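Working notes for the structure below.
All figures in this text were calculated on a predicted structure; none of them were measured in a lab. What you see below is based on every heavy atom in this structure, not just the backbone, and it leaves out hydrogens, waters and symmetry mates.
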Amino acid sequence: MQSCEISSDSTDDPLSSILCTHRQPRIVVIGAGLAGLAATKVLLKNGFTDVTVLEASDHIGGRVQSIQHGKATLELGATWIHGANGNPVYHLAEENGLLEHTTDGERSVGRISLYTKNGVAHYQTNVGKRIPKDLVEEFSDLYNEVYELTQEFFQNGKPVCAESQNSVGVFTRDLVRKRIMLDPDDSESTKKLKLSMLQQYLKVESCESSSPSMDEVSLSEFGEWTEIPGAHYVIPEGFMKIVDLLAQDIPSHTICLCKPVRHIHWNYSTQHQEVISKSSNTKRDDNHNDSNHDRRPLNNPLILGRPICVECEDEEWIMADHVIITTSLGVLKQHHAAMFSPSLPEDKVLAIEKLGISTTNKIFLEFEEPFWSPECNSIQFVWEDEAQLEQLAYPEELWYKKICSFDVLYPPERYGHMLSGWICGQEALYMERCDDETVAETCTKLLRRFTGNPDIPKPRRILRSSWGNNPYIRGSYSFTRVGSSGMDCERLAMPLPYANSTKAPPLQVLFAGEATHRKYYSTTHGALLSGQREATRLMEMYQDLHKAATTKPNIN
């Protein structure tokens, strides 16, 4: 039996007691992102000592990736703490002094978060003209009115009409267009500008949702995503500090980097016995395999024998009682059929297939000097020739038309003269295939064209994300696609085997990650809370087992 080190003040805790008096359950956590680290932290804190984290890449953090650049930290992945009131990520940052140097300008209260609330967004057309500020504000008010209407279908149970195709994009585009065209005070040229701005707003919204197009986002479900009240915060030293805080009490030997998983053999079928029999004939020198080859059927996780075998790509076999899967929805979409044996239940496969995930990428451009005016906080690209388009999808050679904007990073004392561009969908994948020189040159041409300034120099440095082609991520974050619902998030989160399977050991395969949180999908706090949820699920099961064991009548 593995040693159990529990502090004296926890000896009365039933969970600590059961973990000391029975064989420690072996728990494998797949993925060292926020969900995996949060789950591991909770498990270790509550007396589970046989926990191993398998991370496919060479670093922890998952979709958090902070890059040091001079005095600044640039975020290739997660950037904002979305809301403060009750947000566990905010409280972690606040309690550890990570927000002390956040400027007032970096606390955004807007729905679409920029790096600053100060300054003015410059809406520039493809003929090099700036759209007047009052016209932008007039259109923005109209768009936001319609955006509020998109929330009501879920929140107030409004029926979705067939014409909307249950799509946020179709509904928004149709209604905004009708209102623009019916405005008797606007000239034809003003109406055309507003219609063009609508397309740009929908591109920004797609980046926010990480969807290829808002046409793919479910109208009936859009309002279920819940915004935590309070401002959005940037962490000046980098979001990676949150990752470091979660990992600081996890022993280094617990986390295995560069450890991709090939298969998860669960439910201890005949097939698994054959697989494990093979592995027992192979010499292993890693202690994960100590006592791994007990092949007795297991009806209770407290007796010897383990119902799961995790097969790693380096040929190591790790026996476990429980596995917490925190891989992204993108990875599950691509690999679930090959990853799980036996296959996942049909309803879980359907949930994986129906939910959406796409790629939102950033393009950082650093300049010697700013070419933008001091009050400019962003440059928004409005293509006048797109006013009447239905689908904003482009061939590969026109990928750059999906770049919706460049934000100015403030304050310049920290970031220098830096712009951050946004692109999403298939076009983001096209961008990932280009080299840095091509992307820098293309972005420079765009900036010259839209600002009407032919003298803008090429940036002295470019840095960009590539979440779509990352084999261990395959996308930025999830959304509720047309045809999916919050119930699909619930199904994805449901542990295996299902509760009605009475003979199989319970909670063999658990699922965490942002896509498994019904209200907070797509967020860092959703990921963190989902990891804590699954760790708590295991804790409660062992507490219940202890309770059942200690209340059995004595028949002697």
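- Thr73 and Glu237 are not linked by any side-chain donor-acceptor pair at a separation below 3.5 angstrom, with hydrogens and angles left out of the test.
- Of all heavy-atom pairs between Ser220 and Phe154, the closest is O-CB, 3.2 Å.
- When the side-chain contact (heavy atoms from CB on, under 4.5 Å) test is applied to Ile473, the partners found at least two apart in sequence or on another chain are Arg63, Trp467, Asn470.
- Note that CG of Leu246 is 8.5 Å distant from CD1 of Ile60, once rounded to the nearest 0.5 Å.
- Between Tyr233 and Tyr90, the distance separating the two ring centers is shorter than 6.0 angstrom.
- Arg464 places a side-chain heavy atom less than 4.5 Å from the side chain of Val439.
- There is no side-chain donor-acceptor pair under 3.5 Å between Glu208 and Ser206.
- At least one donor-acceptor pair under 3.5 Å links the side chain of Glu75 to the backbone N or O of Phe239.
- In this structure, CG in Leu76 is found 9.0 Å from CG in Asn361, a value given to the nearest 0.5 Å.
- Ring-plane geometry between Tyr201 and Tyr123 is classed as parallel, the angle between the planes falling under 30 degrees on a 0 to 90 degree scale with a further cut at 60.
- Using modelled atom types, no side-chain atom of Ser164 and backbone atom of Phe171 make a donor-acceptor pair closer than 3.5 Å.
- Not counting sequence neighbours, the partners of Tyr520 by the ring pair (Phe, Tyr, Trp, His ring centres under 6.0 Å) test are His517, His525.
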- [ ] Evaluate the side chain to side chain donor-acceptor pair (under 3.5 Å) criterion for residues Ser420 and Asp407: first the C-alpha distance (whole Å), next the side-chain angles of each, then the deciding distance (0.1 Å), finally the verdict.
- [x] CA-CA 5 Å; Ser420 173; Asp407 295 336; 5.3 Å; no

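- Salt-bridge formation is detected for the pair Lys158/Glu152: a Lys NZ or Arg NE/NH1/NH2 atom is positioned less than 4.0 Å from an Asp or Glu carboxylate oxygen.
- For the pair Tyr472 and Pro260, the minimum side-chain heavy-atom distance is below 4.5 Å.
- Salt bridge annotation for Asp488-Lys354: present, with a cationic side-chain nitrogen under 4.0 angstrom from a carboxylate oxygen.
- Electrostatic pairing of Asp249 and Lys45 does not count as a salt bridge here, judged by no charged N lying under 4.0 Å from a carboxylate O.
- Counting only distance, with no hydrogens or angles, the side chain of Ser66 and the backbone of Met240 share a donor-acceptor pair below 3.5 Å.
- In this structure, Lys401 forms no cation-pi arrangement with Tyr394, as its terminal cationic atom is not both closer than 6.0 Å to the ring centre and no more than 45° off the ring axis.
- Across all non-hydrogen atoms, the minimal contact from Ala515 to Leu329 is CB-CB, 4.0 Å.
- We find the CG-OG1 distance between Leu198 and Thr172 to be 8.0 Å, quoted to the nearest 0.5 Å.
- Taking the charged nitrogens against the carboxylate oxygens, Asp174 and Arg177 have no contact shorter than 4.0 Å, which rules out a salt bridge.
- Residues Ser211 and Glu216 have side chains that never bring a donor and an acceptor to within less than 3.5 angstrom of each other.
- Using a cutoff of 4.0 Å between basic side-chain nitrogens and carboxylate oxygens, Glu145 and Arg179 are scored as salt-bridged.
- Between Tyr542 and His322, the distance separating the two ring centers is shorter than 6.0 angstrom.
- Between Trp80 and His82, the ring planes lie tilted relative to each other; the angle falls in the 30° to 60° range.
- In summary, Glu353 and Lys333 do not engage in a salt bridge, as defined by a charged side-chain N under 4.0 Å from a carboxylate O.
- Listed here is the closest heavy atom pair of His232 and Gly83: ND1-N, 3.8 Å.
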